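To start, the structure itself, in structure tokens.
Heavy atoms only: backbone and side chains are in, while hydrogens, waters and symmetry mates are out. For clarity, every value in this text was computed on a predicted model and none was experimentally measured.
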Amino acid sequence: MPETDSSIVDLTDIQGIVAQASELFNLIDSDNAFGSITFPSILDRASSISQFVRSLAAGQKDTTGASFEEQLESAETILTALQSSLGGIVDLSKLADLLKDIDSANSKINIPIENAGFEDPAQEDFTFTVEPPPGWDVYDPNDIIPDVTTDDSSATGVFNPSLNNYPGGVPEGDNVGYSFLVDPVGSGEAGLSQTLDTLLAPNTRYTLSVAVGNPTGDDPVPGISFPGFSGYRVELLAGGQVLAVDDNSLHIPEGEFKTSKITYTSSATDTVIGQSLEIRLINLLQGPGIEVDFDDVQLTAKALPVGSKSSHNLSEEHGSLLNPLHPSSNLTLPLGAVDSSSLLG
């Protein structure tokens with residue numbers, strides 16, 4: 001088994017587990033068809049299983065710092081109890097195999113990003129720079145950022161905001177990267193970009209996540225404040241070609257951050273295989289706001305076996321979780337009657 005940090009189960013692959021669990025829960029209707037089953041105890045155990053799956057999806061260890069193997073053993077113990085409650089309906093060995101196969105197929109690599117949290121350079125509280133952060137370049141296709149930037153001109157840089165700007169603090173460290181645009185709404189767009197040393201590989205799933213912030217309160221420069229929000233875009237590129245984009249899909253209240261997440265799965269026939277990956281973080285300047293902040297930029301890659309089954313085909317490979325020797329396994333299952341997403345909380 002891989003080490004815990006490289007054994008994180010991707011959310012898309014968890015759908016295979018959820019679909020199988022949904023098949024089981026479809027056997028339990030509101031009339032409690034199995035009479036002897038204590039419905040609350042089933043829900044308790046289901047909640048424990050759901051928490052285990054969610055922690056894997058988030059890339060987290062449990063509070064004891066247990067390894068993946070220890071977490072899996074704990075989950076199997078819960079599933080054994082669930083199996084007992086349901087009179088042997090669940091084929092535990094198949095679910096255990098499914099979990100282990102998903103684990104082995106989902107080793108992820110964290111792709112290096114220079115200054116991903118914008119902590120360089122260190123800044124005193126409520127101060128900022130007017131130069132691009134180290135490791136990042138200005139993205140300015142409309143030439144709205146002047147060659148010589150000042151405290152009150154359009155600029156990109158690093159900002160250490162106060163609690164007045166973000167009452168809940170920032171997602172990571174002290175600083176954020178920013179794109180500050182004082183030009184009229186609709187004048188263009190500008191932000192930050194970074195071309196990575198990593199090249200686009202075939203048959204690989206890439207996941208880019210970025211915390212996007214909408215500052216509130218006052219700017220460090222007297223007379224400037226942060227009303228409204230001008231919109232954002234997050235892009236993943238290779239060889240200058242946009243692979244995946246989040247074009248202002250999140251509603252971000254003032255004074256808060258929300259996480260933007262985009263994914264791209266490459267194939268062996270992609271025309272930009274072998275080209276450098278690039279990240280862009282953009283202020284759209286399409287609303288009344290003037291600044292968009294960014295933090296905690298992360299990019300992961302997961303190699304996919306050539307010809308591998310997609311997550312929704314996992315159940316075909318492993319078969320039904322129901323025990324074929326149990327008489328209840330012959331029931332007609334109303335698949336879709338239960339919202340399987342509820343198992344993820």
Side-chain angles (χ1 to χ4, degrees), residues 113-162 165-166 170-196 208-221 224-237 240 242 245-248 252 257-258 260 277-299:
I113 301 171
E114 185 176 353
N115 202 13
F118 305 100
E119 298 306 308
D120 181 19
Q123 292 294 118
E124 297 292 331
D125 291 345
F126 205 45
T127 63
F128 62 97
T129 69
V130 292
E131 303 85 25
W136 296 87
D137 298 313
V138 175
Y139 171 72
D140 185 17
N142 305 108
D143 294 323
I144 57 177
I145 295 180
D147 292 336
V148 178
T149 53
T150 63
D151 286 354
D152 56 1
S153 73
S154 293
T156 63
V158 166
F159 176 36
N160 184 342
S162 72
N165 302 128
Y166 292 105
V170 301
E172 185 271 335
D174 296 319
N175 296 345
V176 299
Y178 74 84
S179 175
F180 176 88
L181 304 179
V182 296
D183 303 85
V185 171
S187 298
E189 60 184 34
L192 298 166
S193 71
Q194 183 173 149
T195 300
L196 309 178
L208 173 64
S209 66
V210 183
V212 183
N214 177 7
T216 189
D218 292 329
D219 184 88
V221 178
I224 297 178
S225 60
F226 296 124
F229 189 56
S230 52
Y232 74 93
R233 190 167 71 246
V234 172
E235 296 179 344
L236 177 65
L237 307 89
V242 176
V245 59
D246 173 10
D247 192 1
N248 204 35
I252 308 176
F257 278 85
K258 297 291 184 182
S260 168
L277 293 169
E278 180 185 352
I279 297 167
R280 288 180 186 165
L281 312 175
I282 302 167
N283 179 342
L284 296 178
L285 194 57
Q286 292 181 353
I290 56 177
E291 179 167 314
V292 179
D293 295 330
F294 303 96
D295 199 10
D296 195 20
V297 184
Q298 299 183 39
L299 179 61

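Residues passing the side-chain hydrogen bond (donor to acceptor under 3.5 Å, both in side chains) test with Gln298 are Asp296, sequence neighbours excluded. Remark: Ser230 pairs with Asn283, Val292 by the side-chain contact (heavy atoms from CB on, under 4.5 Å) rule, at least two apart or across chains. Looking at residues two or more places apart in sequence or on another chain, you find a side-chain contact (heavy atoms from CB on, under 4.5 Å) between Val182 and Ser154, Phe180. Residues satisfying the ring-ring contact (aromatic ring centres under 6.0 Å, His included) test with Tyr166, not counting sequence neighbours, are Phe257. In this view, Asp151 and Phe128, Val130, Val221 satisfy the side-chain contact (heavy atoms from CB on, under 4.5 Å) rule, not counting sequence neighbours. Judged as a side-chain hydrogen bond (donor to acceptor under 3.5 Å, both in side chains), and not counting sequence neighbours, Thr195 has no contacts. Scored by the ring-ring contact (aromatic ring centres under 6.0 Å, His included) test, Phe118 finds Trp136 as partners (sequence neighbours excluded). For Asp218, there are no side-chain hydrogen bond (donor to acceptor under 3.5 Å, both in side chains) partners, not counting sequence neighbours. Residues passing the side-chain hydrogen bond (donor to acceptor under 3.5 Å, both in side chains) test with Glu278, sequence neighbours excluded: Arg280.
Each salt bridge (Lys or Arg N to Asp or Glu O under 4.0 Å) pair with one or both residues in residues 184-194, not counting sequence neighbours, appears once here: Glu189-Arg233. Sorted by first and then second residue, the salt bridge (Lys or Arg N to Asp or Glu O under 4.0 Å) pairs involving residues 281-295 (not counting sequence neighbours) form an empty list.
The main-chain N or O of Gln123 is found under 3.5 Å from a side-chain atom of Asn160 such that the two form a donor-acceptor pair. Formation of a donor-acceptor pair under 3.5 Å by the Asn175 side chain with backbone atoms of Pro121 is found in this model. Using modelled atom types, one side-chain atom of Asn248 and one backbone atom of Tyr232 make a donor-acceptor pair closer than 3.5 Å. When atom types are taken as modelled, the side chain of Tyr178 and the backbone of Thr129 share a donor-acceptor pair closer than 3.5 angstrom.
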